[in-house]
Amino acid sequence: MKPIIAIDGPAASGKGTMARMLAEHFHFAYLDSGSLYRAFACIELVLSDKPNVLFDDKTVKAKPINVHLSDLCEDYDFLRILSDILKETEAKKRKIDFSSYITHKDFFSEDVSGAHEFISIAKKIPDNILKSEIVGMGASTIGKLPEVRALLTSLMREFANSPGDDYLGTVIDGRDIGTVVFPNATCKIFLTADLKVRAERRFKDAKDFGDTSATFESIYETLRSRDERDASRSIAPMTYDETYIVVDTSNINIQEVFNKLVSIIDLRLHNA
Ligand code: DC
């Protein structure tokens, strides 16, 4: 298998930006695992009769997104089928193995693998929806389901197994990449930053996306409760151990973090 760089950490710690820059620098493919969880949340949000059930945190006001499925994604059937499976699985007390569905020939043309197909679907969802905090909260909620984690974990492994001939390896960011998805990753990094700094970053993103309803306070509270949920869930909680390099990005700029990580990864790749 080609080398894997795992980057974990809380929301808005800068891991997406860093993962993208590192992928480009090392000629690796980049996989944003959060966007897969977010795509799943969109499926539920749009297709569920009661979208508010996704947002079960008392401190966060549920605000269903007023969009139609056709606005979200062209692959209506795919989304509908996945959503049905999710519901069926819950109804059957979560005993279905999702991975047997994802590679089912009805879902994908034979020359396309499940991982790349699902990722391309996630990419079709507009960023202002996919990256919104409400969908982030939905992703965090849905991330507690063992079947969803099993499915997305198997997709990520499939992706890293064959990231494409042009790529020398894969950079993946998320919450459990180095602990659960790729415990033997070539290099594991945990990026973090003060909650206030992270909320300021997300507030700026929200304004850039044209979300005028977001306030700093609401974003701060959403991030706080999302971190708490991601770190306390029973399966694959966000955490790190002694195999990680921990970097706090609160007071250092992007270029400094990047330079530091490049030298660490260079060393690891050299010794791998
Ligand atoms: O990285 P992000 O903010 O886009 O992730 C959104 C949510 O998805 C996050 O709060 C929890 C969930 N997630 C997860 O449970 N495991 C991952 N590897 C990535 C994301």
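When a residue number appears, it is its place in the shown sequence, counting from 1. Just so you know, these numbers use all the heavy atoms, side chains as well, and skip hydrogens, waters and symmetry mates. Counting starts at 1 for both ligands and their atoms, in listed order.
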Do other residues, nucleotides or ligands put more than 12 heavy atoms under 6.0 Å from the CG atom of Leu168? yes
Among protein heavy atoms, which lies nearest atom 6 (C) of ligand 1, and at what distance? Arg226 NH1, 3.3 Å
among protein heavy atoms, the one nearest atom 18 (N) of ligand 1 is Asp176 OD1, 2.9 Å
Return a yes/no value for Lys131: is any of its N or O atoms, backbone included, closer than 3.5 angstrom to an N or O of ligand 1? no
So for Arg229, does at least one of its heavy atoms come nearer than 4.0 angstrom to any atom of ligand 1? no
Would Arg224 and Asp227 pass as an ion pair if we require N to O under 4.0 Å? no
How far is atom 4 (O) of ligand 1 from its nearest protein heavy atom, and which residue and atom name does that atom have? Arg38 NE, 2.7 Å
For Asn251, look at atom CG and say whether over 12 heavy atoms of other residues, nucleotides or ligands are found less than 6.0 Å away. no
Quick check: Ser35 and ligand 1, any N/O pair under 3.5 Å apart? no
For ligand 1, which atoms have a heavy atom of Ser140 less than 4.0 angstrom away? 7 (C), 10 (O), 11 (C)
N/O to N/O below 3.5 Å, does that happen between Arg233 and ligand 1? yes
Would you mind checking if Lys131 and Asp32 are paired as a salt bridge, meaning a charged N to carboxylate O distance below 4.0 Å? yes
Would you mind finding which of Met156, Arg149, Arg202 brings a heavy atom closest to atom 15 (O) of ligand 1? Arg149
As an exercise, identify every atom of ligand 1 less than 4.0 angstrom from a heavy atom of Lys15. 1 (O)
Compare all side-chain heavy atoms of Phe159 with those of Leu36 and state whether any distance is below 4.5 angstrom. no
Identify, by atom number and element, the atoms of ligand 1 in contact range of Gly174, meaning under 4.0 Å from any of its heavy atoms. 18 (N), 19 (C)
Measure the CG-CZ distance between Asp266 and Phe26 for me, rounded to the nearest 0.5 Å. 4.5 Å
Does either side chain, that of Tyr220 or that of Arg202, offer a donor lying less than 3.5 Å from an acceptor on the other one? no
Would one find an N or O of Arg175, backbone or side chain, under 3.5 Å from an N or O of ligand 1? yes
Could you tell me if the side chain of Lys144 sits less than 4.5 Å from the side chain of Ile235, heavy atoms only? no
Does Met238 have a non-hydrogen atom less than 4.0 Å from ligand 1? no
If you have a sec, work out which protein heavy atom is nearest atom 19 (C) of ligand 1 and how many Å separate them, to one decimal? Ser33 OG, 3.3 Å
Under 3.5 Å, is there a donor-acceptor pair between the Arg201 and Thr17 side chains? no
Tell me, do Leu267 and Ile264 make a side-chain contact under 4.5 Å, heavy atoms counted? no
Numbering as shown, the atoms of ligand 1 that approach Ala139 to under 4.0 Å (heavy-atom distance): 6 (C), 7 (C), 8 (O), 12 (C)
